[in-house]
Amino acid sequence: MTPLLRQVLSQIDGPDPRVNELVSALVKHLHAFVEEVRPTDEEWLAGIDFLIETGKMCTPDRNEFILLSDMLGLTSAVDEVNNEGPEGMTPSSVEGPFHSPAPEREAGAWISTGPERERGVATVVHGRVLDCDGTPLAGALVDVWQASDLGLYDTQDDAQDPGNLRGLFTTDAEGRYAFRTIRPSSYPVPTDGTAGRLLRAVGRHPMRPAHLHYRVTAGGHRPLTTHVFLAGDPYLESDAAYAVKQELVIEPRPRTDGWEMDGPYEEIEFDLRLVPLGWKDGR
Ligand SMILES: [Fe+2]
């Protein structure tokens, strides 16, 4: 440890021990970074400017810091350490930057009410919300949101009304939920800000594989934020947000009957198993 680092650490002595721990560790890692890469004055200033620019990109509808965190795998790393659970649980995944309040909808309703419904592949999505032991969870809230067949969320697309491709559903006595929609497309994350600059600088593509987002809450259980990914997507192996987990990849089934649809459609069946509050793994 350098005398300088020792001096900085010795002065960290606030009232909250956890804050002291977090700041001390951050300082240690930042100093180790400087030791390792020996940045020039210009490089250090460029880093500061990058953070300033990132802050300036942030609005109530856009958080460039979260996008940056997603692109560096940091969000997935934090998700990983906070969502351990028993065997059988549905893995969590990152929330991403596009959640907004969804309209409440009846079981089986269409969440696609815009022009994409004429173009997209009709899809029925259904499943159950369960405890990890398989007990159905009635009255659970299932909040879903997705991009269109063009890869755009309602908040990014003037052709979509607010709340399009979003829905809030309540599970029935058997824990079931269902909705009708169109198949989402893979999409690039916004690349007009600092996150995009970083991706270009290190030679990475900005694509996320096609997915639906879920946030599920049920009494007595840990809320679950996760994704469903569509099998066969070319970006499953290189998701720009590092959010793919094999258990979350589902193969849509081609169907022609069973859900009172007007023509051929695809069916996605996805059960969500929540972890009881207070779960301990015995370690
Ligand atoms: Fe998304």
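One is the number of the first residue; the rest follow in order along the sequence. Whatever order the structure lists ligands and atoms in, that order sets their numbers, starting from 1.
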Confirm or rule out an N/O/S atom of Q146, from backbone or side chain, lying less than 2.8 Å from the Fe ion (ligand 1). no

Parallel, tilted or perpendicular: rings of Y153 and H211 (30°, 60°): tilted

Give a yes or no on whether the backbone of D143 and the side-chain of H99 come within a donor-acceptor separation of less than 3.5 Å. no

Does the side chain of V27 reach to within under 4.5 Å of the side chain of H31, using non-hydrogen atoms? yes

State, to the nearest 10 degrees, the angle whose vertex is the Fe ion (ligand 1) and whose arms point to NE2 of H213 and OH of Y153. 90°

Stepwise ring-ring contact (aromatic ring centres under 6.0 Å, His included) test for F169 and Y177: CA-CA 7 Å; F169 298 89; Y177 74 91; 7.6 Å; no

Under 2.8 Å: N/O/S of H211 next to the Fe ion (ligand 1): yes

